[in-house]
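Numbering starts at 1 and runs along the sequence shown. Just so we're clear, the structure is a prediction, and the values are computed from it rather than from any experiment.
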Amino acid sequence: MGDVPRAYLGLSVPGFPNMFLLYGPNTNGGATSVIYAIEAGVNHVISALQELDRRDAQRVEVTRAAAEAFDRELREALARTVWHTGCTNWYVDENGNDPNQWPWVFAAYRRRTAQLDPGAYTLSAA
């Protein structure tokens with residue numbers, strides 16, 4: 001996925017099972033608090049832990065397909081934001097990459113992180 005920081009919902013990276021980021025890539029919002037984003041991320045981690053317990057599993061990992069699909073969706077949405085439509089800003093690097101901003105309203109972030117999407121993760125024994 002290159003040199004640009006990327007993570008599924010700003011929380012999970014393929015190849016790093018049982019690791020979750022809080023306030024990871026693309027979880028910054030221009031009109032919300034960092035605390036709101038971190039709380040949503042913590043709720044996602046709690047959901048993952050509950051699902052591990054429910055399935056008597058020990059390993060949870062986002063699939064590469066889910067991470068790549070999310071990244072495509074994210075980049076398409078970012079392209080329509082003020083940060084990418086001619087406004088000079090510090091969020092976008094010299095190559096046009098934005099590893100910072102969440103392009104949707106933050107209620108969508110809270111909704112999308114509230115529960116573990118079973119199709120996005122694999123759960124297994126150690």
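Nearest approach of Phe106 to Gly29, heavy atoms of both residues: CE1-CA, 3.3 Å. Here the shortest heavy-atom pairing between Pro99 and Val4 reads CB-CG1, 4.2 Å. The minimum heavy-atom distance linking Gly10 with Phe70 is given by the pair N-CE2, 4.4 Å. Of all the heavy atoms in Gly119 and Thr63, the pair that sits closest is O-OG1, 4.3 Å. The minimum heavy-atom distance linking His84 with Gly96 is given by the pair CE1-O, 3.5 Å. The heavy-atom pair separating Glu61 from Gly15 by the smallest distance is OE2-N, 2.6 Å.
In this structure, Arg111 has no salt bridge (Lys or Arg N to Asp or Glu O under 4.0 Å) partners at least two apart in sequence or on a different chain. Residues forming a side chain to side chain donor-acceptor pair (under 3.5 Å) with Gln58 (at least two apart in sequence, or on another chain): none. Taking the side chain to side chain donor-acceptor pair (under 3.5 Å) definition, one finds that Arg54 meets it with Glu51, sequence neighbours left out. In this view, Gln115 satisfies the side chain to side chain donor-acceptor pair (under 3.5 Å) rule with no residue, not counting sequence neighbours. Considering only residues two or more places apart in sequence or on other chains, Ser33 meets the side-chain contact (heavy atoms from CB on, under 4.5 Å) condition with Ile35, Tyr36. Not a single side chain to side chain donor-acceptor pair (under 3.5 Å) links Asn100 to another residue, sequence neighbours left out. Legend: residues meeting side-chain contact (heavy atoms from CB on, under 4.5 Å) with Ala120, ordered by chain and number and at least two apart, are Tyr8, Ala66, Asp117. Remark: Val45 pairs with Phe20, Leu22, Leu49 by the side-chain contact (heavy atoms from CB on, under 4.5 Å) rule, at least two apart or across chains. Take Pro103 and apply the side-chain contact (heavy atoms from CB on, under 4.5 Å) test, not counting sequence neighbours, and it matches Leu74, Ala77, Leu78, Thr81.
One distance of note links CG of Leu9 with OH of Tyr109; it measures 6.5 Å at 0.5 Å rounding. A distance of 9.0 Å separates CG of Asp3 from CG of Asn95, quoted to the nearest 0.5 Å. How far CD of Gln50 is from CG of Leu52: 10.5 Å, rounded to the nearest 0.5 Å.
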task: Show your working on side-chain contact (heavy atoms from CB on, under 4.5 Å) between Thr113 and Asn43 and close with a plain yes or no.
output: CA-CA 7 Å; Thr113 59; Asn43 288 337; 5.6 Å; no
task: Could you please spell out the steps behind the side-chain contact (heavy atoms from CB on, under 4.5 Å) verdict for Trp102 and Asn28?
output: CA-CA 6 Å; Trp102 177 257; Asn28 188 57; over 6 Å; no
- prompt: Would Glu68 and Arg75 count as a salt bridge (charged side-chain N to carboxylate O under 4.0 Å, His left out) if you check the C-alpha gap in whole Å, the side-chain angles of each, and the deciding distance to 0.1 Å?
  reply: CA-CA 10 Å; Glu68 289 174 354; Arg75 303 292 153 205; over 6 Å; no
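Sequence neighbours left out, the pairs with a member in residues 21-44 that pass salt bridge (charged side-chain N to carboxylate O under 4.0 Å, His left out) are Glu39-Arg110.
Atom CG of Asp56 sits in a sparse spot, with 12 or fewer heavy atoms from other residues, nucleotides or ligands closer than 6.0 Å.
In this structure, His44 has its ring center closer than 6.0 angstrom to the ring center of Tyr121.
For the pair Pro25 and Arg6, the minimum side-chain heavy-atom distance is 4.5 Å or more.
Judged purely by atom type and a 3.5 angstrom limit, Asn18 uses its side chain to pair as donor or acceptor with the backbone of Val60.
Members clustered with Val13: Phe16, Met19, Leu21, by chain and number, using a 4.5 Å side-chain heavy-atom cutoff among hydrophobic residues. In the hydrophobic clustering, where aliphatic and aromatic side chains (Ile, Leu, Val, Met, Phe, Trp, Tyr) are joined below 4.5 Å either directly or transitively, Tyr91 groups with Val82, Trp83, Trp90, Val92.
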